[in-house]
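A note on names: the letters A, B, ... follow the listed sequences, proteins ahead of strands, and every chain is numbered from 1. Just so it is clear, the structure is predicted and the values come from calculations on it, not from any experiment.
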Protein chains: 2
Amino acid sequence: MAEDTRTRILNAAGPVFAEKGYQNTTVREICRVANVNLASMNYHFGHKERLYIETVKQAQRNKIEQVPQPQWQTGTSPAEKLRGFVRTLITRMMGTGEAPWQTRLMMREIMQPTQACQELVQNYFRPQFEILLGILEELLPAATTQPKRHQLAFSVVGQCLYYRVAHEVVALLIDKEEREAHYDAQQLGDHVTDLMLAALSSPDSWLTSSRHSSSGLESSTERRIENTSS
Amino acid sequence: MAEDTRTRILNAAGPVFAEKGYQNTTVREICRVANVNLASMNYHFGHKERLYIETVKQAQRNKIEQVPQPQWQTGTSPAEKLRGFVRTLITRMMGTGEAPWQTRLMMREIMQPTQACQELVQNYFRPQFEILLGILEELLPAATTQPKRHQLAFSVVGQCLYYRVAHEVVALLIDKEEREAHYDAQQLGDHVTDLMLAALSSPDSWLTSSRHSSSGLESSTERRIENTSS
DNA sequence: AATTGTTTAAAACGCGCGTTTTAATCGCAG
DNA sequence: CTGCGATTAAAACGCGCGTTTTAAACAATT
(Lines give C-alpha, C1' and ligand atoms only; values in the text may rest on other atoms or scores of the structure.)
Protein backbone atom coordinates (compact mmCIF):
# COMPACT_ATOMS: atom_id res chain seq x y z
CA MET A 1 0.00 0.00 0.00
CA ALA A 2 1.03 3.58 -0.56
CA GLU A 3 1.03 4.80 3.02
CA ASP A 4 3.20 2.00 4.23
CA THR A 5 6.46 2.87 2.60
CA ARG A 6 5.72 6.56 2.85
CA THR A 7 5.50 6.42 6.62
CA ARG A 8 8.39 4.01 6.71
CA ILE A 9 10.50 6.68 5.05
CA LEU A 10 9.21 9.34 7.41
CA ASN A 11 9.93 7.26 10.49
CA ALA A 12 13.41 6.54 9.24
CA ALA A 13 14.06 10.15 8.32
CA GLY A 14 13.07 11.53 11.72
CA PRO A 15 15.89 10.19 13.84
CA VAL A 16 18.49 10.73 11.15
CA PHE A 17 17.55 14.35 10.55
CA ALA A 18 17.32 14.88 14.31
CA GLU A 19 20.80 13.58 14.95
CA LYS A 20 22.73 14.93 12.00
CA GLY A 21 20.78 17.92 10.83
CA TYR A 22 19.53 18.64 7.35
CA GLN A 23 22.79 19.16 5.52
CA ASN A 24 24.68 16.30 7.08
CA THR A 25 21.94 13.86 6.29
CA THR A 26 22.02 12.03 2.98
CA VAL A 27 18.90 10.82 1.24
CA ARG A 28 20.71 7.58 0.58
CA GLU A 29 21.18 6.94 4.27
CA ILE A 30 17.52 7.50 5.02
CA CYS A 31 16.53 5.09 2.28
CA ARG A 32 19.00 2.54 3.55
CA VAL A 33 17.63 2.82 7.09
CA ALA A 34 14.06 2.63 5.80
CA ASN A 35 14.85 -0.34 3.57
CA VAL A 36 13.39 1.59 0.70
CA ASN A 37 14.56 2.25 -2.77
CA LEU A 38 16.04 5.60 -3.69
CA ALA A 39 13.55 6.11 -6.49
CA SER A 40 10.72 5.36 -4.11
CA MET A 41 11.59 8.28 -1.93
CA ASN A 42 11.63 10.48 -4.99
CA TYR A 43 8.25 9.09 -5.97
CA HIS A 44 6.66 10.14 -2.68
CA PHE A 45 8.49 13.34 -1.80
CA GLY A 46 10.34 14.56 -4.83
CA HIS A 47 12.88 16.74 -3.08
CA LYS A 48 14.94 16.11 0.00
CA GLU A 49 13.61 19.40 1.31
CA ARG A 50 9.98 18.32 1.03
CA LEU A 51 10.88 15.14 2.88
CA TYR A 52 12.45 17.20 5.63
CA ILE A 53 9.46 19.48 5.99
CA GLU A 54 7.09 16.55 6.08
CA THR A 55 9.27 14.96 8.74
CA VAL A 56 9.05 18.05 10.92
CA LYS A 57 5.28 18.14 10.46
CA GLN A 58 5.13 14.49 11.46
CA ALA A 59 7.16 15.17 14.58
CA GLN A 60 4.84 17.97 15.52
CA ARG A 61 1.76 15.81 14.89
CA ASN A 62 3.25 13.04 17.01
CA LYS A 63 3.99 15.33 19.89
CA ILE A 64 0.61 17.02 19.78
CA GLU A 65 -1.34 13.80 19.97
CA GLN A 66 0.99 12.51 22.64
CA VAL A 67 0.62 15.64 24.69
CA PRO A 68 -3.04 16.51 25.15
CA GLN A 69 -3.64 19.72 26.99
CA PRO A 70 -2.78 18.68 30.52
CA GLN A 71 -5.94 18.72 32.55
CA TRP A 72 -5.09 18.96 36.18
CA GLN A 73 -7.69 17.97 38.67
CA THR A 74 -9.54 20.98 39.96
CA GLY A 75 -7.92 22.04 43.15
CA THR A 76 -4.40 21.41 41.97
CA SER A 77 -2.25 24.22 43.30
CA PRO A 78 -0.56 26.39 40.70
CA ALA A 79 2.77 25.53 42.28
CA GLU A 80 2.07 21.89 41.64
CA LYS A 81 1.07 22.63 38.06
CA LEU A 82 4.29 24.51 37.54
CA ARG A 83 6.27 21.63 38.94
CA GLY A 84 4.52 19.24 36.59
CA PHE A 85 5.03 21.50 33.60
CA VAL A 86 8.72 21.99 34.29
CA ARG A 87 9.34 18.34 34.95
CA THR A 88 7.71 17.31 31.70
CA LEU A 89 9.67 19.91 29.78
CA ILE A 90 12.98 19.04 31.33
CA THR A 91 12.38 15.34 30.88
CA ARG A 92 12.06 15.94 27.17
CA MET A 93 15.32 17.83 27.19
CA MET A 94 17.44 15.41 29.14
CA GLY A 95 19.29 12.49 27.69
CA THR A 96 21.88 12.71 24.96
CA GLY A 97 20.95 10.40 22.18
CA GLU A 98 18.08 8.69 23.91
CA ALA A 99 15.93 11.77 23.80
CA PRO A 100 12.98 11.40 21.46
CA TRP A 101 13.90 12.43 17.97
CA GLN A 102 10.92 14.74 17.78
CA THR A 103 12.34 16.91 20.52
CA ARG A 104 15.81 16.96 19.04
CA LEU A 105 14.42 17.87 15.65
CA MET A 106 12.43 20.71 17.16
CA MET A 107 15.50 21.95 18.98
CA ARG A 108 17.28 22.20 15.65
CA GLU A 109 14.41 24.24 14.31
CA ILE A 110 14.58 26.51 17.33
CA MET A 111 18.27 27.10 16.93
CA GLN A 112 18.26 27.71 13.22
CA PRO A 113 14.75 27.81 11.87
CA THR A 114 13.88 26.72 8.37
CA GLN A 115 10.64 26.91 6.44
CA ALA A 116 9.10 24.43 8.84
CA CYS A 117 9.54 26.59 11.91
CA GLN A 118 6.61 28.96 11.62
CA GLU A 119 4.12 26.16 11.62
CA LEU A 120 5.93 24.59 14.54
CA VAL A 121 5.56 27.75 16.56
CA GLN A 122 1.88 28.07 15.72
CA ASN A 123 0.93 24.48 16.44
CA TYR A 124 3.28 23.56 19.23
CA PHE A 125 5.41 26.20 20.90
CA ARG A 126 2.71 28.82 21.24
CA PRO A 127 0.17 26.50 22.88
CA GLN A 128 2.82 25.31 25.32
CA PHE A 129 3.76 28.91 25.96
CA GLU A 130 0.14 29.78 26.69
CA ILE A 131 -0.19 26.92 29.14
CA LEU A 132 2.85 28.14 31.01
CA LEU A 133 1.50 31.68 31.03
CA GLY A 134 -1.74 30.37 32.44
CA ILE A 135 0.07 28.68 35.29
CA LEU A 136 2.13 31.77 36.00
CA GLU A 137 -0.96 33.91 36.00
CA GLU A 138 -2.22 32.01 39.02
CA LEU A 139 1.03 32.65 40.81
CA LEU A 140 1.49 36.28 39.95
CA PRO A 141 0.05 39.48 41.33
CA ALA A 142 -2.67 40.79 39.08
CA ALA A 143 -0.66 43.94 38.53
CA THR A 144 2.12 42.06 36.76
CA THR A 145 2.58 43.46 33.27
CA GLN A 146 2.39 41.25 30.24
CA PRO A 147 6.02 41.75 29.21
CA LYS A 148 7.04 40.67 32.70
CA ARG A 149 4.89 37.55 32.44
CA HIS A 150 6.48 36.71 29.12
CA GLN A 151 9.98 37.17 30.45
CA LEU A 152 9.20 34.98 33.42
CA ALA A 153 7.94 32.27 31.10
CA PHE A 154 11.15 32.53 29.12
CA SER A 155 13.11 32.25 32.35
CA VAL A 156 11.44 28.93 33.01
CA VAL A 157 11.91 27.65 29.47
CA GLY A 158 15.45 28.96 29.24
CA GLN A 159 16.61 27.09 32.29
CA CYS A 160 15.12 23.87 30.95
CA LEU A 161 16.40 24.21 27.39
CA TYR A 162 19.86 24.82 28.75
CA TYR A 163 20.28 21.22 29.78
CA ARG A 164 19.79 20.15 26.18
CA VAL A 165 21.66 22.95 24.47
CA ALA A 166 24.67 22.78 26.74
CA HIS A 167 24.46 19.13 27.66
CA GLU A 168 27.97 18.36 26.48
CA VAL A 169 29.48 21.42 28.10
CA VAL A 170 27.82 20.59 31.40
CA ALA A 171 29.40 17.18 31.16
CA LEU A 172 32.79 18.85 30.83
CA LEU A 173 32.21 21.28 33.69
CA ILE A 174 30.67 18.94 36.24
CA ASP A 175 32.45 15.76 37.17
CA LYS A 176 30.74 12.46 36.57
CA GLU A 177 30.05 11.74 40.20
CA GLU A 178 28.11 14.92 40.79
CA ARG A 179 26.28 14.59 37.51
CA GLU A 180 25.08 11.09 38.23
CA ALA A 181 23.97 12.09 41.69
CA HIS A 182 22.18 15.36 40.93
CA TYR A 183 21.46 15.80 37.24
CA ASP A 184 18.38 13.72 36.61
CA ALA A 185 15.17 15.27 35.32
CA GLN A 186 13.52 15.09 38.72
CA GLN A 187 16.10 17.03 40.67
CA LEU A 188 16.76 19.58 37.97
CA GLY A 189 13.05 20.11 37.48
CA ASP A 190 12.58 20.61 41.19
CA HIS A 191 15.45 23.04 41.26
CA VAL A 192 13.96 25.18 38.51
CA THR A 193 10.53 25.02 40.09
CA ASP A 194 11.77 25.88 43.56
CA LEU A 195 13.82 28.74 42.23
CA MET A 196 10.89 30.20 40.35
CA LEU A 197 8.50 29.77 43.26
CA ALA A 198 10.97 31.37 45.64
CA ALA A 199 11.40 34.31 43.30
CA LEU A 200 7.67 34.72 42.76
CA SER A 201 6.84 34.53 46.43
CA SER A 202 9.50 37.05 47.31
CA PRO A 203 8.22 39.81 49.54
CA ASP A 204 9.92 42.39 47.36
CA SER A 205 7.97 44.23 44.74
CA TRP A 206 10.47 43.44 41.98
CA LEU A 207 7.71 42.00 39.82
CA THR A 208 5.55 45.07 39.66
CA SER A 209 7.88 47.97 40.29
CA SER A 210 9.16 49.36 37.04
CA ARG A 211 12.84 49.20 37.92
CA HIS A 212 15.17 48.64 40.85
CA SER A 213 14.50 46.14 43.54
CA SER A 214 15.44 44.16 46.60
CA SER A 215 17.67 45.34 49.36
CA GLY A 216 17.84 48.94 48.34
CA LEU A 217 21.30 49.17 46.83
CA GLU A 218 21.96 48.57 43.13
CA SER A 219 23.04 51.16 40.69
CA SER A 220 21.88 49.90 37.35
CA THR A 221 23.20 52.40 34.90
CA GLU A 222 26.86 52.73 35.73
CA ARG A 223 29.21 52.09 32.86
CA ARG A 224 31.54 49.19 33.18
CA ILE A 225 34.25 47.62 31.12
CA GLU A 226 31.82 47.12 28.25
CA ASN A 227 33.56 44.69 26.00
CA THR A 228 31.43 44.79 22.93
CA SER A 229 34.08 42.69 21.16
CA SER A 230 36.30 43.93 18.39
CA MET B 1 54.66 38.54 4.87
CA ALA B 2 53.54 35.11 6.02
CA GLU B 3 51.29 36.16 8.88
CA ASP B 4 49.38 38.58 6.77
CA THR B 5 47.46 36.24 4.52
CA ARG B 6 47.21 33.64 7.23
CA THR B 7 45.36 35.97 9.55
CA ARG B 8 43.42 37.33 6.60
CA ILE B 9 42.12 33.82 6.03
CA LEU B 10 41.36 33.36 9.71
CA ASN B 11 39.49 36.63 9.95
CA ALA B 12 37.48 35.77 6.89
CA ALA B 13 36.78 32.24 8.08
CA GLY B 14 35.45 33.33 11.48
CA PRO B 15 32.24 35.05 10.44
CA VAL B 16 31.49 32.53 7.72
CA PHE B 17 31.90 29.52 9.99
CA ALA B 18 29.93 31.32 12.68
CA GLU B 19 27.00 32.00 10.41
CA LYS B 20 26.80 28.83 8.37
CA GLY B 21 28.45 26.19 10.47
CA TYR B 22 31.24 23.87 9.46
CA GLN B 23 29.49 21.73 6.89
CA ASN B 24 27.64 24.52 5.13
CA THR B 25 30.78 26.54 4.71
CA THR B 26 32.89 26.04 1.62
CA VAL B 27 36.60 26.62 1.56
CA ARG B 28 36.11 28.43 -1.72
CA GLU B 29 33.83 30.98 -0.12
CA ILE B 30 36.29 31.72 2.66
CA CYS B 31 39.06 32.23 0.13
CA ARG B 32 36.83 34.48 -1.94
CA VAL B 33 35.96 36.58 1.12
CA ALA B 34 39.60 36.72 2.18
CA ASN B 35 40.74 37.60 -1.34
CA VAL B 36 43.12 34.73 -1.16
CA ASN B 37 43.96 31.95 -3.49
CA LEU B 38 42.63 28.48 -2.89
CA ALA B 39 46.08 26.97 -2.93
CA SER B 40 47.24 29.51 -0.41
CA MET B 41 44.77 28.30 2.16
CA ASN B 42 46.00 24.80 1.57
CA TYR B 43 49.54 26.03 1.99
CA HIS B 44 48.83 27.41 5.47
CA PHE B 45 46.25 25.03 6.86
CA GLY B 46 46.18 21.93 4.75
CA HIS B 47 42.74 20.68 5.70
CA LYS B 48 39.48 22.54 6.06
CA GLU B 49 39.20 20.97 9.49
CA ARG B 50 42.51 22.41 10.68
CA LEU B 51 41.39 25.81 9.45
CA TYR B 52 38.21 25.47 11.46
CA ILE B 53 40.00 24.47 14.63
CA GLU B 54 42.44 27.33 14.27
CA THR B 55 39.52 29.67 13.77
CA VAL B 56 37.90 28.55 17.01
CA LYS B 57 41.19 28.97 18.83
CA GLN B 58 41.47 32.44 17.40
CA ALA B 59 37.98 33.30 18.58
CA GLN B 60 38.82 32.11 22.05
CA ARG B 61 42.07 34.07 22.09
CA ASN B 62 40.23 37.20 20.92
CA LYS B 63 37.61 36.90 23.62
CA ILE B 64 40.09 36.22 26.36
CA GLU B 65 42.17 39.26 25.65
CA GLN B 66 39.05 41.36 25.23
CA VAL B 67 37.60 40.15 28.49
CA PRO B 68 40.13 40.48 31.27
CA GLN B 69 39.01 39.09 34.58
CA PRO B 70 36.59 41.76 35.69
CA GLN B 71 38.05 43.49 38.71
CA TRP B 72 35.32 45.18 40.63
CA GLN B 73 36.27 47.91 43.01
CA THR B 74 36.46 46.63 46.54
CA GLY B 75 33.20 47.31 48.20
CA THR B 76 31.08 46.44 45.19
CA SER B 77 28.07 44.55 46.44
CA PRO B 78 27.69 40.97 45.18
CA ALA B 79 24.30 41.92 43.78
CA GLU B 80 25.93 44.59 41.69
CA LYS B 81 28.57 42.14 40.52
CA LEU B 82 25.88 39.71 39.50
CA ARG B 83 24.07 42.41 37.58
CA GLY B 84 27.24 43.30 35.75
CA PHE B 85 28.05 39.69 34.96
CA VAL B 86 24.57 38.97 33.63
CA ARG B 87 24.41 42.11 31.59
CA THR B 88 27.75 41.38 29.94
CA LEU B 89 26.70 37.82 29.20
CA ILE B 90 23.31 38.75 27.79
CA THR B 91 24.80 41.55 25.73
CA ARG B 92 26.99 38.99 24.02
CA MET B 93 23.95 36.86 23.33
CA MET B 94 21.63 39.47 21.95
CA GLY B 95 21.48 40.55 18.36
CA THR B 96 20.83 38.28 15.43
CA GLY B 97 23.55 38.67 12.91
CA GLU B 98 25.25 41.62 14.50
CA ALA B 99 26.50 39.57 17.41
CA PRO B 100 30.25 39.11 17.32
CA TRP B 101 31.18 36.08 15.32
CA GLN B 102 33.27 34.76 18.19
CA THR B 103 30.19 34.33 20.34
CA ARG B 104 28.18 32.73 17.58
CA LEU B 105 31.00 30.33 16.83
CA MET B 106 31.24 29.37 20.48
CA MET B 107 27.50 28.81 20.62
CA ARG B 108 27.83 26.34 17.79
CA GLU B 109 30.51 24.52 19.71
CA ILE B 110 28.26 24.44 22.77
CA MET B 111 25.37 22.99 20.86
CA GLN B 112 27.29 20.37 18.95
CA PRO B 113 30.86 20.23 20.12
CA THR B 114 33.71 19.25 17.85
CA GLN B 115 37.36 18.63 18.58
CA ALA B 116 37.78 22.28 19.42
CA CYS B 117 35.30 22.27 22.30
CA GLN B 118 37.38 20.81 25.09
CA GLU B 119 39.97 23.53 24.84
CA LEU B 120 37.19 26.10 24.72
CA VAL B 121 35.77 24.82 27.98
CA GLN B 122 39.15 24.83 29.67
CA ASN B 123 40.22 28.27 28.55
CA TYR B 124 36.96 30.14 28.41
CA PHE B 125 33.80 28.58 29.78
CA ARG B 126 35.28 27.24 32.98
CA PRO B 127 36.90 30.52 34.01
CA GLN B 128 33.64 32.35 33.37
CA PHE B 129 31.82 29.67 35.31
CA GLU B 130 34.19 30.11 38.24
CA ILE B 131 33.66 33.86 38.27
CA LEU B 132 29.93 33.37 38.43
CA LEU B 133 30.32 30.84 41.23
CA GLY B 134 32.43 33.33 43.11
CA ILE B 135 29.72 35.94 42.86
CA LEU B 136 27.05 33.49 43.94
CA GLU B 137 29.14 32.42 46.87
CA GLU B 138 28.87 35.90 48.30
CA LEU B 139 25.11 35.78 47.96
CA LEU B 140 24.50 32.31 49.28
CA PRO B 141 24.30 30.84 52.76
CA ALA B 142 27.49 29.05 53.63
CA ALA B 143 25.54 25.84 54.01
CA THR B 144 24.63 25.76 50.32
CA THR B 145 25.90 22.55 48.79
CA GLN B 146 28.15 22.60 45.78
CA PRO B 147 25.69 20.89 43.44
CA LYS B 148 23.15 23.56 44.36
CA ARG B 149 25.64 26.30 43.61
CA HIS B 150 26.35 24.76 40.23
CA GLN B 151 22.69 24.46 39.36
CA LEU B 152 22.13 28.07 40.34
CA ALA B 153 24.95 29.14 38.08
CA PHE B 154 23.38 27.14 35.24
CA SER B 155 20.07 28.84 35.96
CA VAL B 156 21.72 32.17 35.36
CA VAL B 157 23.52 31.08 32.24
CA GLY B 158 20.52 29.19 30.90
CA GLN B 159 18.27 32.22 31.02
CA CYS B 160 20.87 34.28 29.18
CA LEU B 161 21.71 31.72 26.52
CA TYR B 162 18.03 31.34 25.79
CA TYR B 163 17.84 34.69 24.10
CA ARG B 164 20.40 33.56 21.57
CA VAL B 165 19.29 29.98 21.14
CA ALA B 166 15.64 30.84 20.76
CA HIS B 167 16.02 34.29 19.33
CA GLU B 168 13.99 33.54 16.24
CA VAL B 169 11.26 31.75 18.15
CA VAL B 170 10.96 34.63 20.58
CA ALA B 171 10.49 36.89 17.60
CA LEU B 172 7.59 34.72 16.49
CA LEU B 173 6.01 34.54 19.94
CA ILE B 174 6.32 38.18 20.99
CA ASP B 175 5.02 40.89 18.72
CA LYS B 176 7.36 43.50 17.41
CA GLU B 177 6.06 46.30 19.57
CA GLU B 178 6.69 44.49 22.84
CA ARG B 179 10.05 43.22 21.66
CA GLU B 180 11.31 46.65 20.75
CA ALA B 181 10.10 48.06 24.04
CA HIS B 182 11.33 45.39 26.43
CA TYR B 183 13.86 43.06 24.84
CA ASP B 184 17.10 44.95 24.99
CA ALA B 185 20.11 43.61 26.85
CA GLN B 186 19.63 46.02 29.71
CA GLN B 187 16.07 45.12 30.59
CA LEU B 188 16.51 41.41 30.06
CA GLY B 189 19.68 41.44 32.11
CA ASP B 190 17.93 43.27 34.90
CA HIS B 191 15.08 40.81 34.75
CA VAL B 192 17.38 37.83 35.14
CA THR B 193 19.33 39.54 37.90
CA ASP B 194 16.23 40.62 39.81
CA LEU B 195 14.74 37.16 39.51
CA MET B 196 17.86 35.50 40.85
CA LEU B 197 18.28 38.00 43.67
CA ALA B 198 14.66 37.60 44.67
CA ALA B 199 15.01 33.84 44.72
CA LEU B 200 18.25 33.95 46.67
CA SER B 201 16.92 36.35 49.24
CA SER B 202 13.79 34.33 49.75
CA PRO B 203 13.07 33.67 53.41
CA ASP B 204 12.38 30.01 52.64
CA SER B 205 15.04 27.45 53.19
CA TRP B 206 14.70 25.99 49.69
CA LEU B 207 18.41 26.45 49.06
CA THR B 208 19.65 24.36 51.91
CA SER B 209 16.83 21.94 52.70
CA SER B 210 17.33 18.72 50.82
CA ARG B 211 13.86 18.62 49.25
CA HIS B 212 10.45 20.30 49.45
CA SER B 213 10.03 23.95 50.00
CA SER B 214 7.96 27.11 50.20
CA SER B 215 4.40 27.33 51.32
CA GLY B 216 4.09 23.84 52.62
CA LEU B 217 2.11 22.20 49.86
CA GLU B 218 3.73 20.40 46.90
CA SER B 219 3.67 16.72 46.32
CA SER B 220 6.69 16.07 44.22
CA THR B 221 6.47 12.42 43.38
CA GLU B 222 2.99 11.94 41.97
CA ARG B 223 2.83 10.34 38.56
CA ARG B 224 1.31 12.34 35.78
CA ILE B 225 0.62 11.89 32.13
CA GLU B 226 4.26 11.09 31.48
CA ASN B 227 4.61 11.30 27.74
CA THR B 228 7.94 9.78 27.10
CA SER B 229 7.14 9.91 23.37
CA SER B 230 6.63 6.98 21.09
C1' DA C 1 72.78 35.90 -8.47
C1' DA C 2 70.84 32.15 -6.25
C1' DT C 3 67.92 30.21 -2.93
C1' DT C 4 64.03 29.69 -0.31
C1' DG C 5 59.51 30.63 1.31
C1' DT C 6 55.04 32.82 -0.20
C1' DT C 7 51.45 33.80 -3.27
C1' DT C 8 48.86 33.53 -7.46
C1' DA C 9 46.24 31.70 -11.39
C1' DA C 10 44.04 28.03 -13.47
C1' DA C 11 42.99 23.61 -14.09
C1' DA C 12 42.10 19.10 -12.77
C1' DC C 13 41.12 14.91 -9.82
C1' DG C 14 38.04 12.25 -7.26
C1' DC C 15 34.30 11.66 -4.77
C1' DG C 16 29.71 12.02 -2.83
C1' DC C 17 25.50 13.72 -3.18
C1' DG C 18 20.68 15.06 -5.02
C1' DT C 19 18.24 13.86 -8.67
C1' DT C 20 16.67 11.37 -12.84
C1' DT C 21 16.13 7.69 -15.76
C1' DT C 22 15.20 3.11 -17.49
C1' DA C 23 13.43 -1.33 -17.23
C1' DA C 24 11.26 -4.68 -14.89
C1' DT C 25 8.04 -6.56 -11.42
C1' DC C 26 3.87 -6.98 -8.47
C1' DG C 27 -0.95 -6.19 -7.07
C1' DC C 28 -5.23 -4.73 -8.00
C1' DA C 29 -9.35 -2.41 -10.14
C1' DG C 30 -11.94 -2.02 -14.43
C1' DC D 1 -6.63 -9.48 -19.93
C1' DT D 2 -5.47 -4.81 -19.58
C1' DG D 3 -4.01 -0.95 -17.61
C1' DC D 4 -2.24 1.68 -13.83
C1' DG D 5 -0.16 2.94 -9.52
C1' DA D 6 3.48 1.34 -6.44
C1' DT D 7 7.91 -0.47 -5.84
C1' DT D 8 12.41 -2.17 -6.90
C1' DA D 9 17.06 -2.57 -8.83
C1' DA D 10 20.71 -0.50 -11.02
C1' DA D 11 22.84 2.80 -13.43
C1' DA D 12 23.74 7.30 -14.77
C1' DC D 13 23.78 12.52 -14.89
C1' DG D 14 25.39 16.72 -13.22
C1' DC D 15 27.22 19.39 -10.02
C1' DG D 16 29.80 21.14 -6.11
C1' DC D 17 33.10 20.48 -3.01
C1' DG D 18 37.73 19.27 -0.71
C1' DT D 19 41.93 18.59 -2.28
C1' DT D 20 45.98 18.44 -5.37
C1' DT D 21 48.76 19.77 -8.94
C1' DT D 22 51.42 22.59 -12.11
C1' DA D 23 53.67 26.58 -13.56
C1' DA D 24 54.72 30.99 -12.90
C1' DA D 25 55.65 35.17 -10.36
C1' DC D 26 57.18 37.74 -6.23
C1' DA D 27 59.76 38.92 -1.95
C1' DA D 28 63.22 38.57 1.25
C1' DT D 29 67.54 36.40 2.60
C1' DT D 30 72.02 34.63 1.83
Side chain of [X]: nearest nucleotide among [options]?
| X | options | result |
| --- | --- | --- |
| Asn37(A) | dT8(C), dA9(D), dT19(D) | dA9(D) |
| Arg28(A) | dT8(D), dT8(C), dT19(C) | dT19(C) |
| Ala39(B) | dT20(D), dT19(C), dT21(D) | dT21(D) |
| Leu38(B) | dA9(D), dT8(C), dT19(D) | dT19(D) |

Below 4.5 Å, heavy atoms only, C-beta onward: do [X] and [Y] meet side chain to side chain?
| X | Y | value |
| --- | --- | --- |
| Glu168(A) | Gln112(B) | no |
| Met41(A) | Ile30(A) | no |
| Glu80(A) | Arg83(A) | no |

Nearest whole Å is fine: how far is [N] [atom2] from [X] [atom1]?
| X | N | atom1 | atom2 | value |
| --- | --- | --- | --- | --- |
| Leu51(B) | dT19(D) | CG | P | 10 Å |
| Tyr43(B) | dA10(C) | OH | P | 21 Å |
| Arg32(A) | dG16(C) | CZ | P | 12 Å |
| Glu29(A) | dG16(C) | CD | C1' | 13 Å |
| Glu49(A) | dT19(C) | CD | C1' | 14 Å |
| His44(B) | dT19(D) | NE2 | P | 16 Å |
| Tyr22(A) | dC17(C) | OH | C1' | 12 Å |
| Arg6(B) | dT7(C) | CZ | C1' | 15 Å |

Side-chain donor-acceptor pair under 3.5 Å between His182(B) and Gln151(A), yes or no? no

With a 4.0 Å cutoff (strictly under), does any side-chain N or O of Asn42(B) reach OP1 or OP2 of dT20(D)?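 Affirmative; the distance criterion is met.
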
For the residue pair Phe154(B) and Tyr163(A), categorise the inter-ring angle as parallel (less than 30°), tilted (30 to 60°) or perpendicular (more than 60°). perpendicular

Looking across every strand, which nucleic acid part, if any, lies under 4.0 Å from Asn24(B) by heavy atom: base, sugar-phosphate, or nothing?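 No contact.
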
